[in-house]
Enquirer: 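Have a look at this one before I ask anything.
Keep in mind it's a predicted model, so treat the numbers as computed, not measured.
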Amino acid sequence: MIDRSEASAALDDIDDMVRRVRQSRIYDLASQMMVMWGVLVFAGYLVTWLVPRWAGIGWIAVYVIGIGGWGVFSTINRPKSGVRTFDPKFLVAFALFFAFGIFCCVLGQFGPRQLSTFWPIYFMLFYSIAGLWFGYAFIAIGLGITALTLIGYFAAGDVFDLWMAFVNGGGLVLGGLWMRRS
């Protein structure tokens, strides 16, 4: 027979283990999504750098493929993980998030370089905010990519889009791989 304090300690241990498993599962799923988005963003910036007149179509393709991949990925992983990764609410939230970003861009009348700076910083804001709930790795990735984006904005010159391919796209891939180890 165990006493009340032993039972309480055992329940605390169980709660701690559940929290760790949940965070590990979130990191695993997020890392897979980050790698996918990182590859797509890398491709988008390469198109922007190599063939600037196709940049608009390239970025539309990045978002369409990314959202479609998110849906497919979620369908494939749900039975294995038991964690819901795609919900119509997420799609609506993403649409609102994206619409607000477009509104800011139109209102701010950004040029191409400012757009290439705004979007990564805007997305990384939400990575950093997510880190408050899901773990410090999100905060580190968000702040790191934001800092490197700002350094590139002021220092990269004509190779800014190539810089961003490696900083934003490569940063997401590396961050996703790092989260797999966490």
Enquirer: Check ring pair (Phe, Tyr, Trp, His ring centres under 6.0 Å) between Y127 and all other residues, then give those that pass, not counting sequence neighbours.
Expert: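 By the ring pair (Phe, Tyr, Trp, His ring centres under 6.0 Å) rule, Y127 matches no residue at all.
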Enquirer: Applying the 4.5 Å side-chain criterion to the ILVMFWY set and letting contacts propagate, would V51 and F42 be lumped into a single cluster?
Expert: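 As far as the 4.5 Å side-chain criterion goes, F42 and V51 are connected within one cluster.
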Enquirer: Taking D3's backbone N and O only, do any of them form a donor-acceptor pair with E6's side chain (distance below 3.5 Å, no angle check)?
Expert: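 Yes, because the side chain of E6 sits within donor-acceptor range (under 3.5 Å) of the backbone of D3.
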Enquirer: With clusters built from Ile, Leu, Val, Met, Phe, Trp and Tyr whose side-chain heavy atoms come within less than 4.5 Å, directly or transitively, what are the remaining members of the cluster of L174, listed by chain and number?
Expert: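 When side chains under 4.5 Å apart are linked, L174 ends up in no cluster with other residues.
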Enquirer: Just by distance, do the side chain of T48 and the backbone of G44 share a donor-acceptor pair under 3.5 Å?
Expert: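 Yes, the answer is positive, given that a donor and an acceptor are paired below the 3.5 Å cut-off.
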Enquirer: Residues in ring pair (Phe, Tyr, Trp, His ring centres under 6.0 Å) with F100, at least two apart?
Expert: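 Ring pair (Phe, Tyr, Trp, His ring centres under 6.0 Å) check on F100 returns nothing, list empty.
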Enquirer: So which heavy atom on M179 is nearest to which on A137, and how close?
Expert: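 The pair with the smallest heavy-atom distance is CG-CB, 4.0 Å.
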Enquirer: Where is the tightest heavy-atom contact between V39 and V173, given as atom of each residue plus distance?
Expert: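 Scanning both residues, the minimum pair turns out to be N-CG2, 3.8 Å.
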Enquirer: Heavy atoms only: give me the nearest G176-S31 pair and the separation to one decimal.
Expert: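 The answer is O-CB, 2.8 Å.
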Enquirer: Within the structure provided, determine whether S8 and D12 are in side-chain contact (heavy-atom separation under 4.5 Å).
Expert: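 Contact flag for S8/D12 side chains = yes.
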Enquirer: Begin with the C-alpha distance, continue with both residues' side-chain angles, and end with the deciding distance and a verdict on side-chain contact (heavy atoms from CB on, under 4.5 Å) for I121 and L150.
Expert: CA-CA 9 Å; I121 291 173; L150 291 172; 3.6 Å; yes
Enquirer: Rounded to the nearest 0.5 Å, what separation is found between the CE atom of M34 and the CH2 atom of W178?
Expert: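 One finds 9.0 Å between CE of M34 and CH2 of W178.
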Enquirer: Restricting to side-chain contact (heavy atoms from CB on, under 4.5 Å), what partner residues turn up for Q109, sequence neighbours left out?
Expert: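 Once residues adjacent in sequence are excluded, Q109 has no partner under the side-chain contact (heavy atoms from CB on, under 4.5 Å) criterion.
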Enquirer: Determine the minimum heavy-atom distance between F118 and C104, stating which atoms define it.
Expert: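 Shortest heavy-atom separation between F118 and C104 comes out as CZ-CB, 3.9 Å.
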Enquirer: Quick one: ring pair (Phe, Tyr, Trp, His ring centres under 6.0 Å) partners of F126, sequence neighbours excluded?
Expert: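 Result, ring pair (Phe, Tyr, Trp, His ring centres under 6.0 Å) vs F126: F97, Y122.
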Enquirer: Might you point out which heavy atoms bring W70 and M36 nearest each other, and give the distance in Å?
Expert: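 Residues W70 and M36, closest heavy atoms: N-CE, 4.0 Å.
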Enquirer: When rounded to the nearest 0.5 angstrom, what is the spacing between CG in L29 and CZ in R180?
Expert: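 Here the rounded value is 10.0 Å.
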Enquirer: So how far is it from T117 OG1 to W119 CH2, rounded to the nearest 0.5 Å?
Expert: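 One finds 13.0 Å between OG1 of T117 and CH2 of W119.
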Enquirer: Can you check ring pair (Phe, Tyr, Trp, His ring centres under 6.0 Å) on W59 and Y45, steps first, answer last?
Expert: CA-CA 8 Å; W59 283 107; Y45 276 110; 4.8 Å; yes
Enquirer: Should T149 and M124 count as side-chain neighbours, where that means a heavy-atom distance under 4.5 Å?
Expert: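 Sidechains of M124 and T149: no contact.
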Enquirer: One pair to check against side-chain contact (heavy atoms from CB on, under 4.5 Å): F123 and W37. What are the steps and the verdict?
Expert: CA-CA 12 Å; F123 276 97; W37 278 104; over 6 Å; no
Enquirer: How close do V62 and L40 get, counting heavy atoms only, and between which atoms?
Expert: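 In this case the closest contact between V62 and L40 is CG2-O, 3.3 Å.
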Enquirer: Sequence neighbours left out, cut at 3.5 Å: what donor-acceptor pairs do the side chains of residues 151-166 make with other protein atoms?
Expert:
unit_1, atom_1, unit_2, atom_2, d
Y153, OH, Q114, NE2, 3.2
D161, OD1, S116, OG, 3.2
W163, NE1, L148, O, 3.0

Enquirer: Spell out, yes or no, whether I129 and M33 are grouped together once hydrophobic residues are joined by side-chain heavy atoms under 4.5 Å, including indirect joins.
Expert: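 In one cluster: yes.
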Enquirer: Quick one: CG on L177 to CG on L172, what's the gap to the nearest 0.5 Å?
Expert: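 Atom-to-atom, L177:CG and L172:CG are 11.0 Å apart.
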Enquirer: Spell out, yes or no, whether V47 and I67 are grouped together once hydrophobic residues are joined by side-chain heavy atoms under 4.5 Å, including indirect joins.
Expert: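 No, no single cluster joins them.
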Enquirer: To the nearest 0.5 Å, what is the distance between CD1 (I65) and CD1 (I60)?
Expert: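 These two atoms lie 11.5 Å from each other.
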